[in-house]
Amino acid sequence: MIIAVSGTPGVGKTTVSKILSERLGYEYVSIKDFALAKGIGEKVGDEIEIDVDELSRAVGEEFSGRDVVIDGHLSHLVPADVVVVLRLHPKMVAERLESRGYPRKKLAENVEAELVDVILVEAIEENENVIEVDTTGKTPDEVVDEILSLLNSGVKRRVGIVDWSWAYDDVVQYLMLGGD
Ligand SMILES: Nc1ncnc2c1ncn2[C@@H]1O[C@H](COP(=O)(O)OP(=O)(O)OP(=O)(O)O)[C@@H](O)[C@H]1O
């Protein structure tokens with residue numbers, strides 16, 4: 001089975017994916033490393049631009065029929081049996097990205113993306129089987145317990161569990177409303 005773990009930068013995809021793959025005995029795959037190894041990523045400045053169609057084709061060819069956890073914020077766009085979208089209170093997204101030294105503009109873009117469910121909406125457009133998990137206030141192990149409990153009980157779709165609109169006032173300071 002292919003399990004994709006996606007979400008806004010900083011929500012904990014890598015941490016959770018590694019624990020999840022260990023507990024399931026699945027292979028762990030970083031989508032970014034995979035893309036680069038396949039020569040799909042192209043460096044533009046300090047960002048890597050990835051052709052998603054090419055990436056999807058390569059993932060299908062390489063992993064179909066294998067048991068893998070695919071980690072990365074593009075993983076919801078590639079063929080997977082289930083997509084896990086991790087969510088985190090946008091203020092905590094801001095704090096984690098701030099502590100990583102993200103530039104102001106990139107931080108604002110990502111806080112806004114979490115606030116308005118960008119990855120979740122894209123995942124739902126792409127895949128029937130989407131499981132949304134709120135990681136706020138949970139340890140990585142608790143998040144993995146929740147994912148495994150849902151998967152083991154046959155749940156393939158659980159969405160609409162968070163609404164960050166009430167948190168807008170907490171994060172407005174991080175947003176760049178209407179300009180640079
Ligand atoms: N419940 C949780 N789940 C996952 N990570 C958590 C949790 N609580 C705290 N953390 C911490 O948050 C950080 C998340 O970093 P991580 O690299 O896993 O995020 P990411 O979503 O993969 O980021 P990026 O998209 O930038 O690679 C880690 O330092 C981790 O220890």
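Counting starts at 1 for both ligands and their atoms, following the listed order.
For E27, the CD atom is densely surrounded, since the number of other residues' heavy atoms within 6.0 Å is greater than 12. Counting heavy atoms of neighbouring residues, nucleotides and ligands inside a 6.0 Å radius, atom NE2 of H73 does not exceed 12 of them.
Near K138, the atoms of ligand 1 lying under 4.0 angstrom from a non-hydrogen atom of the residue are 1 (N), 2 (C), 8 (N). In summary, the atoms of ligand 1 found under 4.0 Å from a heavy atom of G10, numbered by their order in the structure, are 14 (C), 19 (O), 20 (P), 21 (O), 23 (O), 24 (P), 25 (O), 26 (O). Of all atoms in ligand 1, numbered sequentially from 1 with element shown, those under 4.0 Å from a heavy atom of V16 are 3 (N), 4 (C). Within the listing of ligand 1, atoms 18 (O), 19 (O), 20 (P), 21 (O), 22 (O), 23 (O), 24 (P), 25 (O) sit less than 4.0 angstrom from a heavy atom of K13.
Side-chain N/O atoms of T8 and N110 include no donor and acceptor closer than 3.5 Å. Using modelled atom types, one finds a donor on one side chain and an acceptor on the other under 3.5 Å when comparing D163 with S165.
With K38 as reference, E62 is the one residue of E61, E62, E54 to meet the salt bridge (charged side-chain N to carboxylate O under 4.0 Å, His left out) rule.
The proximity of L86 to ligand 1, defined as any non-hydrogen pair under 4.0 Å, does not occur for either the backbone or the side chain. No part of H73 comes within 4.0 Å of ligand 1, judged by heavy-atom distances.
The closest non-hydrogen atom to atom 26 (O) of ligand 1, taken over K18, R100, R96, comes from R100. Of the options S30, P140, G12, the smallest heavy-atom separation from atom 2 (C) of ligand 1 is shown by P140.
Under the 4.0 angstrom criterion, atom 29 (O) of ligand 1 counts as lacking any protein heavy-atom contact.
D67 places no side-chain N or O within donor-acceptor distance of the main-chain N or O of Y26, the cut-off being under 3.5 Å.
E114 has its side chain out of reach of V171: every pair of non-hydrogen atoms, C-beta onward, lies at least 4.5 Å apart.
The shortest N/O to N/O separation between T14 and ligand 1 falls below 3.5 Å. Residue-to-ligand polar distances keep V143 apart from ligand 1: every N/O pair is separated by 3.5 Å or more.
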